[in-house]
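Take a look at the structure below.
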Amino acid sequence: MRIILLGAPGAGKGTQAQFLMAKFGIPQISTGDMLRAAIKAGTELGIKAKAVMDAGQLVSDELIIGLVKERISEDDCKKGFLLDGFPRTIPQADAMKENGVSVDSVIEFDVPDEVIVERMAGRRVHASSGRVYHTTYNPPKVEGKDDETGEDLTIRPDDEEATVRKRLAIYHDQTKPLVDYYKGEAEAGSCSYLTIDGTQPVEQVSALIAETLA
Ligand code: AP5
Ligand code: ZN
């Protein structure tokens with residue numbers, strides 16, 4: 001099963017990826033998590049990406065396409081994968097096609113910008129695993145601590161309101177065109193396309209996805 005999670009920053013892609021990984025036994029490929037890991041490790045890629053990410057801009061297509069191509073060729077991706085945060089430009093989607101990487105399902109999370117701004121203000125993350133929480137809507141069992149490891153949760157540097165608004169503007173400009181792109185692919189029979197009302201509670205969104213992909 002090869003799935004693309006499509007949606008604005010804060011729409012719930014990472015949250016539902018946790019659920020889908022467990023359900024289908026496929027790895028999550030989060031380009032955002034991969035870049036954050038590179039920043040933490042101080043690699044050349046991380047050094048290049050940090051300023052761009054902190055400013056809420058997109059990292060270059062060339063860099064991201066190379067990163068995903070390499071990751072998809074790994075053994076654990078043979079049974080399928082979950083793309084979270086990729087593709088997010090038309091050239092990235094075209095590159096997948098040109099490399100012969102087909103997808104089974106595209107799931108779009110529909111969430112209004114104002115809901116997103118509120119969500120980002122309460123987001124807390126466990127950086128090393130990518131697990132995501134919200135102080136009100138998806139709280140950890142112990143405040144400020146990851147459920148599985150008990151380690152501290154942190155705030156992402158790009159979750160400041162002004163940066164979130166910039167990321168949303170970039171989403172509407174550069175990523176939203178992928179909605180029509182993949183609806184076109186679905187009409188041509190290449191994949192299924194599902195739009196989910198992402199404003200519903202986390203468990204309800206999971207249930208809706210499970211129902212459709214069953
Ligand atoms: P990335 O890490 O991909 O960030 P993003 O796409 O902006 O998405 P987020 O991770 O912010 O949101 P999400 O949809 O995963 O929401 P979440 O589940 O966390 O990218 C970061 C940066 O890396 C980019 O800005 C760019 O610079 C670079 N980058 C990455 N990929 C790239 C690419 N392909 N090309 C170029 N550059 C790239 O949920 C958010 C909050 O809401 C959480 O607190 C959560 O608990 C809560 N929540 C989730 N669902 C619900 C719900 N149903 N109800 C209530 N609260 C909910
Ligand atoms: Zn995410």
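Read the numbers this way: they start at 1 and go in the same order the structure lists the ligands and their atoms. Counting from 1, the numbers follow the sequence of the chain as shown.
Looking at Thr89 and Gln174, their side chains never bring a donor and an acceptor atom within 3.5 Å of each other. Side-chain contact annotation: Glu143 with Tyr133, donor-acceptor N/O pair under 3.5 Å absent. For the residue pair Asp113 / Tyr171, no side-chain donor-acceptor distance below 3.5 Å is found, with atom types taken as modelled.
Annotation: atom 15 (O) of ligand 1 to nearest protein heavy atom, Gly14 N, 2.9 Å. Looking at atom 42 (O) of ligand 1, its nearest protein heavy atom turns out to be Arg119 CD, 3.3 Å. Considering only non-hydrogen protein atoms, atom 31 (N) of ligand 1 sits nearest to Thr31 OG1, 2.7 Å. The nearest protein atom to atom 20 (O) of ligand 1, hydrogens excluded, is given as Arg88 NH2, 3.6 Å; this is a heavy-atom distance. Val59 N, 3.1 Å is the protein heavy atom nearest to atom 37 (N) of ligand 1. Ranking the protein heavy atoms by distance from atom 12 (O) of ligand 1 puts Gly10 N, 2.7 Å first. At the top of the distance list for atom 22 (C) of ligand 1, counting protein heavy atoms only, stands Met53 CE, 3.7 Å. Looking at atom 10 (O) of ligand 1, its nearest protein heavy atom turns out to be Arg156 NH1, 2.9 Å.
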(message) Evaluate Ile4 against Met96 for side chain to side chain contact (heavy atoms under 4.5 Å, CB included), listing each step before the verdict.
(response) CA-CA 12 Å; Ile4 292 178; Met96 287 232 304; 3.8 Å; yes

(request) Begin with the C-alpha distance, continue with both residues' side-chain angles, and end with the deciding distance and a verdict on salt bridge (Lys or Arg N to Asp or Glu O under 4.0 Å) for Arg131 and Asp147. (result) CA-CA 9 Å; Arg131 277 186 286 278; Asp147 285 353; over 6 Å; no

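At a heavy-atom cutoff of 4.0 Å, ligand 1 is contacted by both the backbone and the side chain of Leu58. At a heavy-atom distance under 4.0 Å, atoms from both the backbone and the side chain of Thr15 approach ligand 1. Only the backbone of Tyr133 comes within 4.0 Å of ligand 1, judged by heavy-atom distances. Neither the backbone nor the side chain of Ile170 has any atom closer than 4.0 Å to an atom of ligand 1 (non-hydrogen atoms only). Of all the heavy atoms of Gln200, the ones lying under 4.0 Å from any atom of ligand 1 belong exclusively to the backbone.
Side-chain contact between Leu67 and Leu35: present, with at least one pair of heavy atoms (C-beta onward) separated by less than 4.5 Å. When side chains are defined from C-beta on, Val106 does not count as touching Ser192, because their heavy atoms never get closer than 4.5 Å. When side chains are defined from C-beta on, Ile107 counts as touching Leu213, because their heavy atoms get closer than 4.5 Å. Lys48 has its side chain within reach of Leu63: a pair of non-hydrogen atoms, C-beta onward, lies under 4.5 Å apart. Two residues are said to be in side-chain contact when any heavy atoms from C-beta on lie closer than 4.5 Å; Leu6 and Tyr181 fail this criterion. Counting only heavy atoms from C-beta outward, the side chains of Pro87 and Leu178 approach each other to under 4.5 Å.
Among residues at least two apart or in separate chains, side chain to side chain donor-acceptor pair (under 3.5 Å) pairs with a member in residues 9-26 are Gln16-Ser206.
Comparing heavy-atom distances from atom 2 (O) of ligand 1 across His134, Gln18, Arg36 singles out Arg36 as nearest. For atom 28 (C) of ligand 1, the choice among Asp61, Asp197, Val111, Leu35 with the nearest heavy atom turns out to be Leu35. Nearest-residue assignment for atom 1 (P) of ligand 1 (options Gly85, Gly32, Gly12; heavy-atom criterion): Gly32. The option with the heavy atom closest to atom 9 (P) of ligand 1, from among Met34, Glu118, Arg123, is Arg123. Of all the listed residues (Val202, Asp54, Thr199, Val164), Val202 holds the heavy atom that lies closest to atom 50 (N) of ligand 1.
Residue contacts with ligand 1 do not include Ala49, since none of its heavy atoms lies under 4.0 Å from the ligand. Heavy-atom separations between Gly7 and ligand 1 are all 4.0 Å or longer. Ligand 1 has Met120 within reach: a non-hydrogen atom of the residue lies less than 4.0 Å from it.
With respect to the salt-bridge test (charged N to carboxylate O, under 4.0 angstrom), the residues Asp94 and Lys97 do not qualify. In summary, Lys183 and Asp180 do not engage in a salt bridge, as defined by a charged side-chain N under 4.0 Å from a carboxylate O. Residues Asp159 and Arg123 are paired through a salt bridge, judged by an N-O separation under 4.0 Å between the basic side chain and the carboxylate. Between Lys145 and Glu151 there is no salt bridge, since no side-chain nitrogen of the basic residue lies less than 4.0 Å from a carboxylate oxygen of the acidic one.
Looking at Val205 next to ligand 1, no N or O pair under 3.5 Å apart turns up. Ligand 1 has an N or O atom lying under 3.5 Å from an N or O atom of Lys13, backbone or side chain. In terms of polar-atom proximity, defined here as any N/O pair under 3.5 Å, Asp33 makes no such contact with ligand 1. The distance criterion of under 3.5 Å between nitrogen or oxygen atoms is not met by Gly122 with respect to ligand 1.
Counting the atoms of ligand 1 from 1 in the order shown, those under 4.0 Å from a heavy atom of Tyr137 are 55 (C), 56 (N). Close approach of ligand 1 to Gln57 (heavy-atom distance below 4.0 Å) involves ligand atoms 25 (O), 26 (C), 27 (O). The distance from ligand 1 to the heavy atoms of Gly198 drops below 4.0 Å at these ligand atoms: 53 (N). Interface atoms of ligand 1 facing Ala8, defined by a heavy-atom separation under 4.0 Å, are 14 (O). Close approach of ligand 1 to Gln92 is summarised as follows: ligand atoms under 4.0 Å from at least one heavy atom of the residue are 33 (C), 34 (N), 35 (N), 36 (C). Atoms of ligand 1 found under 4.0 Å from any heavy atom of Pro201 (numbered from 1 in listed order, with element): 53 (N). The atoms of ligand 1 that sit less than 4.0 Å from any heavy atom of Ile64 are 32 (C), 33 (C), 34 (N), 35 (N), 36 (C), 38 (C). Close contacts between ligand 1 and Asn138 involve ligand atoms 46 (O) [criterion: under 4.0 Å to a heavy atom].
Between the side chain of Asn138 and the backbone N or O of His134 there is no donor-acceptor pair closer than 3.5 Å. Glu118 places no side-chain N or O within 3.5 Å of a backbone atom of Val115 that could act as its donor or acceptor partner.
More than 12 heavy atoms of other residues, nucleotides or ligands lie within 6.0 Å of CD in Glu74, so this atom counts as buried by the packing criterion.
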